[in-house]
Structures are given as structure tokens and as C-alpha cells.
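Only one structure is covered here, and it is reproduced in the block below.
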Amino acid sequence: MISNSLVELDRAHLVHPLASYRGHEASGVRVLASAKGATVTDADGRELLDGFAGLWCVNAGYGQRALIDAATEQLQTLPYATGYFGLGSEPAIRLAARLAEHAPGDLNHVYFSLGGSDAVDSTIRFIRYYQHSVGRPQKDQFISVENGYHGSSTSGAGLTALPVFHTGFGVPHNWQHKIPSHYAYRNPAGTDSDAIIEASVSALRAKIAELGAERVAAFYAEPIQGSGGVLVPPAGWMKAMHAVCKEHDILFVADEVITGFGRTGPLFACSEDGIVPDFLTVAKGMTSGYVPMGAVFMTDRVYNAIADGAGSAPVGHGQTYSAHPVSAAVGLACLDLYENGLLDNGRMAGARLMEGLHSLADHPLVGDVRGRGMLAAIELVTDKAQKTPLPAASEPGRRIFDRAWQNGLIIRAFNQGVLGYAPPLCCTETEIDAIIERTRKTLDQTLEDSDVRSVLKG
Ligand code: PLP
């Protein structure tokens, strides 16, 4: 009963992110009621393994007492403190300091946002301000990578390179440019890592030459492209792109909203890539999704240029909830968890996840298995030699998501037939094995679909 009335209220009033509004009205909401560890329970009492950690964010898993206590305590002592007027709060200051200590190189200055989109949007403003400060206001062109996702703010959505975020919204802006993705499974340069890196380096160089290096302000990349379908670049890709940017005095922004906080192993994927970007954006795992928070890190050089450029004037960028004390308290408690075993468990569980997914490689529908740590995907095809995607008319995303759900598993099922995995880092081996088994069952059922069967080759 309760569930039914919620469905009606939702249909009438709640506008969902990235939804077909009419499609959602027709199908209705699935209400999640409670969660513990890696398991969520819906309003009908169905228990599901959350193979996607909410939206790749609940890295610590659900019901972590330390996070709940940190939030509760902070709500009781100081539920809000503004960062304006020279004010601050202890948890926000301590979190900034601890993050700076862990971040690669001299990324020592942290601006807190509410999530990833406004973290990215803040970088656009900071970069513009920086270029003015150093006397190069004409450096106002931005480059990002096809298949990339950098949020859905008015400016950030144009750095995002997924058409659904552009159509009807008047983006990308004319100062936002793209180069092709490294997408190894479907790269015209082939599958060889060096060739893929070389192709991306050439594409970036060509784009810079076309725009003029004196016009290019910044380049954005994710260490692993998440929302584009979990596209893992060859080792060395980030480093090679970073080197090209350095050569041309172009700021490098590493968007670690998904990859940060243990998702690929360490706290920051950039440290594995061996680079220190000029800006680094995070969100999601920083508070494990318990409360909203994101952050922009900037290097000493960038921060000092902005500070000197402004002189005694304020830098006109801020938000009421920047450096929110409750979010910061949760962030500190999350760091404690990461440092005291959660990263280690994530690495162990990630290795098992990758091993399990690789064991599905000989399934007739699996064309590609890719990932790093607890961030992975399998790409489904009906013809392995031709890499033919599942028939679009079969709506593979929706169908496979629903089927996995019936099998007690939540995954991200991308429209093009890619299944994404980002389980909580607290997963046990048994839970990882169950994710694999439920995936196998879902694939076997999909193999029986007549529209899939009829086009299957090999
Ligand atoms: N940047 C990246 C790489 C992301 O994956 C996301 C969200 O998934 C964002 C930015 C936007 O973050 P948010 O949804 O918190 O606004």
C-alpha cells in the first residue's frame, strides 16, 4: 500500500535525474527502503546486492557506524558554518589539510563544492580567473575527450561528451572542443597500447595546433572514463596527455569524481598514473555518498597565481554550502576508514571482481572485459569477430538492468549493452562471487531472448 502511494506521488511530483520523463511515468519508481553493507532492500522487501554502490559513490558500504556517528555528532555541535566572511569550522579545515597531505604533489589547496558537477564548474571559473591573473585572458578554449563525463552544469555539460547531455540544451559552447576517446575495444588505431596512446597524443596536438596553443586554457580527462562506459586507457595514457599539455602551457584537469577514494585502488588514481595535474576534482567516495560534498584541488602555482591576481579583492566564487561542516565530518570519518583497511579490502575485492569478470569472457555474449580495481565493465556483443553491439531495438540497457534486478543484483546497464560495476569497497569475497554468479545468470537469460539469439554469431 505504502509503496503504491509512493509510486503515485513520485509520478506526480518528483523529477528524476537523467530519466525519460514519460518513460519513468509509465514504469514508475522502484523505492529503496534500507541498506546494510553491500545489500539494499526495496520497499517490497527484495534484497539486492549493490554492484554499483548507489551511483559509484557508496564506497564504504551502507550502515557504517563511524560515518553515522560523525554526522550525528556534528549536527549536534555545529550543523552549519559559513566559509564566507573569513569564518570556518574545524572539520572542514582538518579535512582540507588531510586531503592535501594525501593528494599527489603540491595539490595543497582545496575548494569544497556540493558534488562533482559544481566541482567541475568551479574549475572552469578558476581556470578563467587564473588565465586573467597571469595576463593571458585570450587562453579561453577548453578541450576534453569524447565519451567523457564532467557533470551536467551549464558549462560543465559542454565538457561532457555524451550527446544526451547536449541535445536541447545548447551545449557544447563554441569554446569547448573534443578529441577522440582512447576506447581500446573500438579504437581505429587498433588494440596496441602504444598505438592508442600515440593516436590520442596526435589528436591532442592537432587540436592544439588548430586552435593555437596561445588560445588553449585547459584539458580535461578522467583517469578512467566512467559514464562513457568504463573505458580504461592504456597505462601511460594520462602521463602522455599531461606531457603534451605541459609543453604548451595548458592546464591539466584530472576529473576523479569516480576514480577517487579507492575506486581503482589508491586514494587517487592519478598517483598510479604518475602525474600531478594542475587541478583535481573529486566527490562521491569522499563522503561515500552519505552526505553531499565535492572538492577542487589546485597546485601551489595555480593557487598563488589566482591569489596574486586578485590582490586584496575577493575572488568572486562561492556557495552557501561550500565546506559544510557535517559533510566535512563525514569526509574525515571516511578517510579514517580508507586508511584503516577499506582501501586494502577494496584492492582485494577488486582483484576478485576482475578475475570473476574475466571468467565470463568465454560467454557467447561477452566481447570485452575491462576495469581497474573496483571499477569494471563487460561489453556485450552478438558477434565477437565483428564486435556487433546488441540490437538497439531490444533496449539492452533497460532489459538487462531489469533482469539483473530480478536476479537480486544492481548494476549499471548502459544503453549500448555495456554492464558497469562499481561495488562498495567493503564487499566480501562471497559478495563479489555472488555478483559474478548473478551476472552469469543474467547473461544466460539474455542469450535466450529471440531477438538476441537470431543475430548471434560464433
Ligand atoms: N565528473 C565525473 C567524472 C563524474 O563521473 C561525475 C558523476 O558521475 C561528475 C563529474 C558529476 O558529479 P555529480 O553527479 O556529483 O554532480
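Just follow the structure's listing: the first ligand is 1, and inside any ligand the first atom is 1. All values below were derived from every heavy atom in this structure, side-chain atoms included, with hydrogens, water molecules and symmetry-related copies excluded.
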Open item on the list: If the criterion is any heavy atom closer than 4.0 Å to an atom of ligand 1, which residues make the list?
Closed with: G115, G116, S117, Y149, H150, G151, E222, D255, V257, I258, K284

- [ ] For T281, check side chain to side chain donor-acceptor pair (under 3.5 Å) against everything at least two apart and list the hits.
- [x] D255

Open item on the list: Please check if the number of heavy atoms outside E395 that lie under 6.0 Å from its CD is greater than 12.
Closed with: no

- [ ] Validate the cation-pi geometry between K387 and Y185: distance from NZ or CZ to the six-membered ring centre under 6.0 Å, angle to the ring axis within 45°.
- [x] yes

Donor-acceptor pairs under 3.5 Å, side chain of residues 405-422 to any protein atom, not counting sequence neighbours: which ones?
from: Q406; atom 1: OE1; to: R46; atom 2: NH2; distance (Å): 3.3
from: N407; atom 1: ND2; to: R403; atom 2: O; distance (Å): 3.3
from: N407; atom 1: ND2; to: T442; atom 2: OG1; distance (Å): 2.9
from: N407; atom 1: ND2; to: Q445; atom 2: OE1; distance (Å): 3.0
from: Y421; atom 1: OH; to: T439; atom 2: OG1; distance (Å): 2.9

Task: Which residues share a side chain to side chain donor-acceptor pair (under 3.5 Å) with H13, sequence neighbours left out - done: none

TODO: Assess the pair F126 and Y111: is the distance between their ring centroids shorter than 6.0 Å?
DONE: yes

